[in-house]
Amino acid sequence: MTKQAPLPSGFTAQTTAHEALGSRRLDGLTAIVTGGYVGIGLETTRARSAAGATVVVPARSADKARAALSGLARVELDSLDLSAPASIDAFATRFLASGRALHMLINNAGIMATPLARDARGFESQLATNHLGHFQLTARLWPALLAARGARVVALSSRGHARASVDLDDPNFERRPYDKWVAYGQAKTSNALFALALDARGEAHRVRAFSVHPGAVLTELGRSVPEDEMRAIRARLAAAGHTAYKTTEQGAATSVWCAVSPQLDGLGGVYCEDVDIAKAVPADFTEPSGVRPWAMDPALAERLWAKSEEWTGVRLW
């Protein structure tokens, strides 16, 4: 297993996506970026496009995505709803039918702190969209990842993982009171555990996986959170010593780095932040950095993987 500790990479929290990419060219490579038309997803798309990659951006809102992506070279728009299994399967089928290898899969799209809602299968919406949708998508695209003969999968987690582990006995809040932030924490922990378990399966096939905390960035992700609550969150962050938000260019940097950096050759399964591998911290750590024990627990990752296969009916092989 890759050690959960900074390399160090030489980059900082202020590094931008283009700086993380450096002079590296991505000509001839193909990437998929979910949510790649807004916020840090859009900056992730821009950086890859500028470096020569073909970028496929699946979106729920085609008109909004088309406007945001206008003028970007080698960017293809497709449709995808991560909360709808049939939509996931249809998108993956279309991509596989193109016969292309998939070199970079950036599972970037997500929702945060939404009111209680469930998908058609009964799964809580944040777990369904942020984790299960991307789990199914990755599994369906597995043949294309194998065909790349050297692919990377990046799962967008968050510092929000510190709020909660995964409750495999009641993941959908059927018996416990619903807390939107606990649900978000559970989903973001799931993203980190997904990368850990996927990397364990993919390493022998030259498919490596990483999870990423992009940093505190003001984007549409917070659209479900009332403004007074956002002000209180900003005040708590300031009290903890976190006084500055990242730009979207800085927020996309760690995703870009994890997907292409030669510094990570031969490594995988780790949680990254500020364009480096994050430090492992104890459960009661109070600073806004690092990864908590439950988000890097291999045994819990395997249990979640088995449950995810059961819940979705999808397997890698």
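Keep in mind it's a predicted model, so treat the numbers as computed, not measured.
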Inset, instruction - Return yes if some donor-acceptor pair links the side-chain N/O of S98 with the main-chain N/O of F95 below 3.5 Å, else return no. - result: yes

Inset, instruction - Indicate whether any N or O donor in one side chain lies under 3.5 Å from an N or O acceptor in the other, for D276 and Q263. - result: no

Inset, instruction - Would you check if the side chain of S70 reaches a backbone N or O of A67 as a donor-acceptor pair within less than 3.5 Å? - result: no

Inset, instruction - Evaluate side-chain contact (heavy atoms from CB on, under 4.5 Å) for V281 paired with S289, printing each intermediate quantity in order. - result: CA-CA 8 Å; V281 299; S289 62; 5.5 Å; no

Legend entry - Minimum side-chain heavy-atom gap N130-L156 below 4.5 Å: no

Inset, instruction - Could you tell me whether E302 and R201 make a salt bridge, using a distance below 4.0 angstrom between a side-chain N and a carboxylate O? - result: yes

Legend entry - From S255 atom OG to H213 atom NE2, the distance as rounded to the nearest 0.5 Å: 11.0 Å

Legend entry - Flag if over 12 foreign heavy atoms under 6.0 Å of CZ, R24: yes

Inset, instruction - Using modelled atom types only, decide if a donor and an acceptor are shared between the side chain of N172 and the backbone of E174 within a distance under 3.5 Å. - result: no

Inset, instruction - With salt bridge (Lys or Arg N to Asp or Glu O under 4.0 Å) as the test, would you mind laying out the steps for K279 and E273 before giving the verdict? - result: CA-CA 9 Å; K279 62 185 177 183; E273 63 183 0; over 6 Å; no

Inset, instruction - Decide yes or no for N107 and V153: does some side-chain heavy atom of the first lie under 4.5 Å from some side-chain heavy atom of the second? - result: yes

Legend entry - Min side-chain heavy-atom separation Y37-K64 under 4.5 Å: yes

Inset, instruction - Could you list the residues that satisfy salt bridge (Lys or Arg N to Asp or Glu O under 4.0 Å) with D63, not counting sequence neighbours? - result: R66

Inset, instruction - Could you tell me whether a side-chain N or O of H205 sits under 3.5 Å from a main-chain N or O of G202, the two making a donor and an acceptor? - result: no

Inset, instruction - Applying side chain to side chain contact (heavy atoms under 4.5 Å, CB included) between T129 and each of T114, D81, D119, L82, report the one that passes. - result: L82

Inset, instruction - Report yes if some heavy atom in the side chain of V217 is under 4.5 Å from a heavy atom in the side chain of T247; otherwise report no. - result: no

Legend entry - Shared hydrophobic cluster, L105 / V260 (ILVMFWY, side-chain heavy atoms < 4.5 Å): no

Inset, instruction - For P214 and I40, work out which heavy atoms get closest and say how close. - result: CB-CD1, 3.6 Å

Inset, instruction - Give a yes or no on whether the backbone of D169 and the side-chain of R175 come within a donor-acceptor separation of less than 3.5 Å. - result: yes

Inset, instruction - Return the minimal non-hydrogen interatomic distance between A195 and S211, and the atom names on each side. - result: CB-N, 3.7 Å

Inset, instruction - Mark yes or no for whether R74, through its side chain, and G52, through its backbone, hold a donor-acceptor pair below 3.5 Å. - result: yes

Inset, instruction - For side-chain contact (heavy atoms from CB on, under 4.5 Å), just list the numbers for T34 and L80, CA-CA rounded to whole Å, side-chain angles, deciding distance to a tenth of an Å, and then say yes or no. - result: CA-CA 8 Å; T34 66; L80 173 66; 4.2 Å; yes

Inset, instruction - Scan for side-chain hydrogen bond (donor to acceptor under 3.5 Å, both in side chains) pairs involving residues 306-317, sequence neighbours excluded, and state none if there are none. - result: H131-S308, W305-E309, E309-R315

Inset, instruction - Check whether any side-chain N or O of S49 sits under 3.5 Å from a backbone N or O of L72 as a donor-acceptor pair, and report yes or no. - result: no

Legend entry - Value rounded to 0.5 Å, distance of CG in L264 from OG1 in T2: 8.5 Å

Legend entry - Basic-acidic side-chain contact under 4.0 Å: R152, D199: no

Inset, instruction - Using atom types as modelled and distance alone, determine if a side-chain donor or acceptor of E124 lies under 3.5 Å from a backbone N or O of A183. - result: no

Legend entry - Nearest-0.5 Å distance that lies between atom CG in L304 and atom OG in S190: 5.0 Å

Inset, instruction - Would you check if there is a donor-acceptor pair between the side chains of T189 and R292 at a distance under 3.5 Å? - result: no

Legend entry - Which atom of P171 lies closest to which atom of Q186, heavy atoms considered: O-NE2, 2.9 Å

Legend entry - For the student: nearest non-hydrogen atoms of A148 and L102, plus distance: CB-O, 3.3 Å

Inset, instruction - Answer with yes or no whether the hydrophobic clustering places F194 together with L137; edges join I, L, V, M, F, W, Y residues whose side-chain heavy atoms lie under 4.5 Å apart. - result: yes

Legend entry - Enclosure of R60 CZ (heavy-atom neighbours >12, cutoff 6.0 Å): no

Inset, instruction - Tell me whether V256 is reachable from L29 by hopping between hydrophobic residues (I, L, V, M, F, W, Y) whose side-chain heavy atoms are closer than 4.5 Å. - result: yes

Legend entry - Connected via hydrophobic side-chain network under 4.5 Å: V55 and V38: yes

Inset, instruction - Establish, for the pair R176 and F173, whether the NZ or CZ atom is under 6.0 angstrom from the six-membered ring centre and no further than 45 degrees off its axis. - result: yes

Legend entry - Inter-residue atom distance L132.CG - R121.CZ, 0.5 Å rounding: 6.0 Å

Inset, instruction - Compare all side-chain heavy atoms of Y184 with those of L127 and state whether any distance is below 4.5 angstrom. - result: no

Legend entry - Side-chain donor/acceptor of T45 to backbone N/O of G41, under 3.5 Å: yes

Legend entry - Reported CG-to-CG distance for the pair L193 and L300, which is rounded to 0.5 angstrom: 5.0 Å

Legend entry - Closest non-hydrogen atom pair, L198 against A209: CD2-CB, 3.8 Å

Inset, instruction - Report the residue from K246, Q250, Q14 that forms a side-chain hydrogen bond (donor to acceptor under 3.5 Å, both in side chains) with D274. - result: K246

Inset, instruction - First locate atom CG of L26, then atom OG1 of T54, and finally report the distance between them rounded to the nearest 0.5 Å. - result: 10.0 Å

Inset, instruction - State, to 0.1 Å, how close V207 and W142 come at their nearest heavy-atom pair, and which atoms those are. - result: CG1-CZ3, 3.8 Å

Legend entry - Trace of the side-chain contact (heavy atoms from CB on, under 4.5 Å) decision for W181 with M112: CA-CA 8 Å; W181 289 110; M112 180 178 77; 3.9 Å; yes

Legend entry - Beyond-backbone contact of P288 with R159, side-chain heavy atoms, under 4.5 angstrom: yes

Inset, instruction - Evaluate the side-chain proximity of V57 to I32: yes if any heavy-atom separation is below 4.5 Å, no if none is. - result: no

Legend entry - Stepwise side-chain contact (heavy atoms from CB on, under 4.5 Å) test for M296 and Y271: CA-CA 8 Å; M296 53 180 176; Y271 174 100; over 6 Å; no

Inset, instruction - Report yes if the side chains of Q136 and H134 come closer than 4.5 Å at any heavy-atom pair, otherwise no. - result: no

Legend entry - Common cluster, V291/W294, ILVMFWY with side-chain heavy-atom separation under 4.5 Å: no

